[in-house]
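The structure under discussion appears below in the form of structure tokens.
Values reported hereafter were calculated over all heavy atoms of this structure, with side chains retained and with hydrogens, waters and symmetry mates removed. Numbering of ligands and ligand atoms starts at 1, following listing order. A quick note: this is a predicted structure, and the numbers were derived from the prediction, not measured.
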Amino acid sequence: MCPKTSKTTPLLLIGGIGFVIVLVGITGITLINNINLSNIIRLNEKVASDSVSASDNQIKELNYVNNHPKNIYLKLNDTLHADDDNSDDDDDDDVGNGHQGDEAAQEPGGGVMEPPKVSAVIGSDPKSYEGRNLKQNQTTVPASSAVNSSASAPSAATPAVVFPSAATPPPVAAASGPVLPLGWGKDMSNASSDGLIDYEKRARVVQMMEHAWRNYKLYAWGKNELRPLSQRPHSGSIFGSYDLGATIVDGLDTLYIMGLENEYREGRDWIERKFTLDNISAELSVFETNIRFVGGMLTLYAFTGDPLYKEKAQHVADKLLPAFQTPTGIPYALVNTKSGVAKNYGWASGGSSILSEFGTLHLEFAYLSDITGNPLYRERVQTIRQVLKEIEKPKGLYPNFLNPKTGKWGQLHMSLGALGDSYYEYLLKAWLQSGQTDEEAREMYDEAMVAIMDKMVRTSPNGLTYVSDLKFDRLEHKMDHLACFSGGLFALGAATRQNEHRDKYMEVGKGITNTCHESYIRAPTQLGPEAFRFSDAVEARALRSQEKYYILRPETFESYFVLWRLTHDQKYRDWGWEAVLALEKHCRTPHGYCGLRNVYQQEPQKDDVQQSFFLAETLKYLYLLFSDDSVLPLDEWVFNTEAHPLPIKGANQYYRQAPVTLPVSNAS
Ligand code: DMJ
């Protein structure tokens, strides 16, 4: 034994040394190749640690092929043209293609698809508006005909998955079933046959989204927002330091629409395993939590049919319900997720609730009732509606403050910007969401907007249309950036009903959008200030230091998008592209996007906050601006105020209505 051992020992030693040399060599090469990937590795470690308990069968089948909104058309046409001899097999050519002063401050292409057609009054009038149409056929397809019909392997027409960035990390865990065939590479090689997709510009927006998401993942994963300069989480946001993943929930539908599959999977996975409001004692804004978390989850549920999102939406909404326990049913602004204690902001006029907050719950709560079968949520917002319908309105206008105990108005301040804005938005959109059956909402919208046009919309000496705030009887000739969404709102009001106000709505909508663009191009940064004023001396410029900032807000781009869809006037895309370039020049940093402290400086200081709405809204609207009209068509989808698209009842197969059940919520 011993001699044998002594002979073999040197051989083993030599062999071992050789093995170690080879191993070190391989490792060295690998390290060199990966030296610039350290951040990605770090990122994947972070995700992997989150994923440690997730087994494959916990990852729900995503079923993009059948459920992705871009494929609605393929499926619809498969159904509608099944017997159509004229249809060719060219599917390959189808391209999937603060409101309250917050912090006090959407193809076809060849094949069976026809080019987008339209109606002037969306969904009802066969004539085009200004010769432009959206989509003529408003088709309802039984849910069974398209959704979940085949979780099959990708067909020959399914393009390879090509992701824009080599830095995209691998999936956390493989999902069973087909993989997302969004076909970015095919789109690019096929070029636009109908001229409606601006591939290059849209790809740039996708890259921006990747950059924003990647850095959020690196430095703030699971936290609410990112501080790009300090490369750490932003705990001073409206959702505080609680790990609610606001950027994940807010940005996830944008990832889905853009086809960023890996990123989408990571976000869904985080929501499944980490997102909860149980066992935390957070004092949350009812409004912000609703529009970002409930709204985000509802859109994801509509897109995917994944019950996870329905459950989470209901979970969040239930946490908000205690805020509605007031004598009038007008909810408080803030609610503690543990105790259920609710209250209003100390600064709000005489303990008032805020119009843009309690008035911006209707879309989400109504849809939640329809997909859960629980009427309770709709009842809550219907109560708010009745209070607002019956209350006397000074000069036909809605003041920003309403006391939830007395049901009386607070200070007579009216605004289409901070504190008022999205209330008006939800009147029109509740009617649209209902399939244009909620006439009460449309009437309230028309009455309010006619009063606003009369009392608050003005034209500057040089012809700029703006909507001014009104304080008691005095116009303050100032317009908030937040009010820039109203260009699109007026235009959408015009495009959806042929009434006596239609031409005026369109004129005002275009005018406001133009003015907001002016507020951008009059700043050296080409980005617009938080508020801008009109006087004999200035037009569309901020005067006060505290209104010169830009926090990555979306409202102006939202109006560019809506006006583009309704008119196809190239200028709206040009304006959007100007904005993309300005964002890239001034707001992009190596680690995400920041707002600016003063848009009038050549080299403005950055604010070190990447707002969650930058991913939810700003980049989504810019992406849709460069997409064709079949991506989230406006006669099938209505956007909540955080740009989360919700399906239109009777017009959209993804509405996913549930049978009505008895109320089950125990949180009322
Ligand atoms: C978003 O949260 C929503 O658009 C809200 O209605 C207003 N404020 C921000 C974006 O600026």
Q. Are any of the N/O atoms in Thr641 less than 3.5 Å from those in ligand 1?
A. yes
So, are [X] and [Y] salt-bridged, with charged N and O less than 4.0 Å apart?
X: Lys343; Y: Glu283; answer: yes
X: Lys606; Y: Asp608; answer: no
X: Arg442; Y: Asp438; answer: no

Atom indices of ligand 1 within 4.0 angstrom of [X] heavy atoms, with elements:
X: Glu642; result: 1 (C), 2 (O), 3 (C)
X: Ile291; result: 2 (O)
X: Leu482; result: 7 (C), 8 (N), 11 (O)

For [X], which part has a heavy atom under 4.0 Å from ligand 1: side chain, backbone, both, or neither?
X: Glu617; result: side chain
X: Glu555; result: side chain
X: Pro554; result: side chain

Q | Close aromatic pair by centroid cut-off 6.0 Å: Tyr520 and Tyr560 | A |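 When the ring centroids of Tyr520 and Tyr560 are compared, they turn out to be at least 6.0 Å apart.
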Q | Aromatic ring proximity, centroids under 6.0 angstrom, Phe561 and Phe639 | A | yes
Q.
Within the structure, is a non-hydrogen atom of Glu558 found at a distance of less than 4.0 Å from ligand 1?
A. no
**Q.** N/O donor-acceptor pair under 3.5 Å between Asn640 side chain and His644 backbone
**A.**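 Judged by distance alone, yes, a pair lies under 3.5 Å.
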